[in-house]
Amino acid sequence: LENDDVEVLAAVDALRPSVDKGCAALLCGVIAVDDIELSGDVFARDGSVFFEHCLKNLVNVNHALVQIGGGVLKLCIGGFIFINGDDAVVDFVFLYAELHGVECVDDGVIHKSLLFHNADLCVDGVNCAVVVGSLFVAVLAGKVAYRLGTPALLLFLGVGIFFGYEILSFNSPELTQFMGMIALSIIHFSGGMDTKFNEIRPVLAPGITLATLGVAMTACLLGGFIYLFSHWVGLAMSFPVALLLAATMSSTDSASVFSILRSKKQGLKQNLRPLLELESGSNDPMAYMLTIVLVAAVSTTGESTTVGESVVRFFVQMMVGCALGYGIGRLAVLAINRINIKNNPSLYSVLLLAFVFFSFSFTNLVWGNGYLAVYITGLVVGNYKIAHRSNLSTFFDGFTWLAQIVLFLLIGLLVNLNELLRPEVLLLGGAVGAFMILVARPVSVIACLAPFRRFTTKARLYISWVGLRGAVPIIFAT
C-alpha cells in the first residue's frame with residue numbers, strides 16, 4: 001500500500017476473505033512505479049493503449065492498475081474495479097460494463113458477472129452452447145481435413161483460435177494444463193494399446209536413442225539459434241532462457257504422431273511407424289527433465305539443480321515409469337479378465353479408464369514419469385489377451401478423438417492473436433520453426449541413427465521430417 005487511502009483499505013479488507021493469492025501491491029493516487037509483473041498481476045503507468053487493452057480483456061485480467069489522464073482505474077482483486085478521478089474514465093468504464101453485462105454499483109465498484117471469472121469457465125446455458133457448438137464445428141473440420149488430406153489436429157487448432165478470437169475470451173493456463181494432462185494420458189495409452197510389441201522390439205535401440213540423445217541435441221541446437229536470433233529481432237534472451245524455450249519444444253508430440261500415422265495408413269517400411277510412435281511415446285521424460293533443470297537455472301528463488309541430480313532424476317523417472325507402467329498394466333489385464341460384470345459390459349471400459357488415470361497419477365506421485373507409464377500400460381494391455389477387446393478398442397478410439405479435439409481446441413482458445421501477430425513475435429516464431437524443421441531435427445536424427453546402418457537415406461530423411469510438435473510444448477509452458 002503506497003498510501004493510506006481509507007476507502008481503498010476498507011475495500012481490500014472486505015474482499016480479503018475471498019482472495020486466493022492476496023494483493024501483491026496496490027497503489028492509489030500518484031503512481032510511483034513502472035511496469036511491474038508479479039505472478040501474472042500487472043501494475044503499470046501507461047497511456048490509452050494499455051487502458052484499452054485492459055478493458056478489452058476485462059474478463060481475463062485478475063489484477064491490474066492503470067493510469068489514464070488525471071484518473072486512475074484499478075482492477076485490484078478478483079476482478080473488482082475501483083475508479084478514482086477523471087469522469088471520462090468513469091463514464092467509459094460504466095459504458096463498457098453495460099455493453100458486456102457487468103453489474104455496476106453506484107459507489108464506483110464494478111463486479112464481474114461474465115462468462116469467465118478469474119479465467120475459469122462458469123457453467124451456464126450460453127457457455128455450454130458455445131462449447132458444444134465448437135465441438136460440432138471441430139467434427140466437421142475433421143471431415144473436411146480428411147477430404148483435403150490436411151491433418152485434422154491443425155483444423156481443430158484453427159477452430160479454437162477462431163472461437164477464442166471472435167466468440168469466447170479464455171485465458172487459463174491452469175485449466176489448459178489440467179485438461180492437457182488428462183488428454184495426453186488417454187492419447188499415450190491408446191497409442192500404446194494399438195502398438196504390437198513384436199513391431200517395436202526391432203527398433204528399441206534407435207527409438208530410445210532418439211527419445212533421449214535426440215531430444216537433448218535438438219534442445220541444444222535450437223537453444224543456440226534462439227539465443228543468437230532473438231538479439232537480432234529485438235527480443236533478446238539470455239542463453240539459459242533460450243535453452244529453456246528450446247527444451248519445451250524438444251520432444252515430438254504423441255497426439256500428432258499417432259493421429260497422422262494411423263489416419264493416413266501410409267504402409268511404411270523398415271519399421272518406421274513403430275519407431276516414430278515409440279520415440280513420441282517415450283521422449284517426454286527427457287524433455288521434462290531438461291525443462292525442470294533449466295527452470296531451476298533461470299529461477300531467482302535461489303534453488304538450483306546440479307547436473308548429477310538431474311541425471312539421477314531422469315533415470316529415476318524412467319525406471320519408475322517403466323516399472324509402474326508394466327505393473328499397473330498387468331494388474332489391469334488381471335482385473336478385466338477376472339472381474340465379472342458381464343451383465344453390464346460397458347463398465348469394462350470405465351474400469352480400464354480408471355486404470356489409465358491411476359497409472360498416470362500414481363506414477364507422478366512417486367517421482368516417476370506418468371506419460372511413459374501410461375504408454376507402457378497401454379502396451380501391456382494391448383499385447384495381452386483381455387476380455388471384450390473389441391468393445392474396449394472402440395471406446396478408446398472414440399475417446400482418443402474426443403481428447404484430441406478438446407486438447408487442441410483449448411490450445412487454440414489460449415492463443416492471443418494480438419500478441420501472436422506482433423512482427424517481432426512472428427519473425428522469431430517463424431524462424432525458430434524453420435530452423436527446427438530444416439536444421440535441428442535432421443541433424444539430431446542423422447547423428448543418433450548413425451550407428452544403425454539398416455536405415456536407408458530416405459528412411460532417415462522421413463524420420464527427420466516427422467518430428468511433429470503439438471500439445472506437449474504448451475503443457476510444459478503452462
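Numbers for residues simply follow the sequence, beginning at 1. Note that the structure is predicted; figures quoted are calculated from it, not measured.
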Student check: side-chain heavy atoms of [X] and [Y] closer than 4.5 Å:
{"X": "F258", "Y": "I187", "answer": "yes"}
{"X": "V203", "Y": "R454", "answer": "yes"}
{"X": "L276", "Y": "Y462", "answer": "yes"}
{"X": "L135", "Y": "L409", "answer": "yes"}
{"X": "Y326", "Y": "L379", "answer": "no"}
{"X": "F408", "Y": "V159", "answer": "no"}
{"X": "R469", "Y": "M436", "answer": "yes"}
{"X": "E279", "Y": "V257", "answer": "no"}

**Message:** Parallel, tilted or perpendicular: which one describes the rings of F362 and F358, with boundaries at 30° and 60°?
**Reply:** parallel
**Asked** Using the ring of each side chain (for Trp, its six-membered ring), is W232 parallel, tilted or perpendicular to F229, with breaks at 30° and 60°?
**Response** tilted
**Request:** To the nearest 0.5 Å, tell me how far S282 OG sits from H188 NE2.
**Result:** 8.5 Å
**Request:** Starting at CG of L222, measure out to CG of L245 and round the result to the nearest 0.5 Å.
**Result:** 7.0 Å
**Prompt:** By side-chain contact (heavy atoms from CB on, under 4.5 Å), which residues pair with V139, not counting sequence neighbours?
**Reply:**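 Here the qualifying residues are I405.
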**Item:** Check: F189 ring centroid to Y375 ring centroid under 6.0 Å
**Value:** no
**Request:** Kindly determine whether N283 and T252 satisfy side-chain hydrogen bond (donor to acceptor under 3.5 Å, both in side chains), including the steps that lead there.
**Result:** CA-CA 7 Å; N283 61 7; T252 58; 2.8 Å; yes
**Message:** For the backbone of Y371 and the side chain of D284, can you confirm whether one donor and one acceptor N or O come within less than 3.5 Å of each other?
**Reply:**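 Absent.
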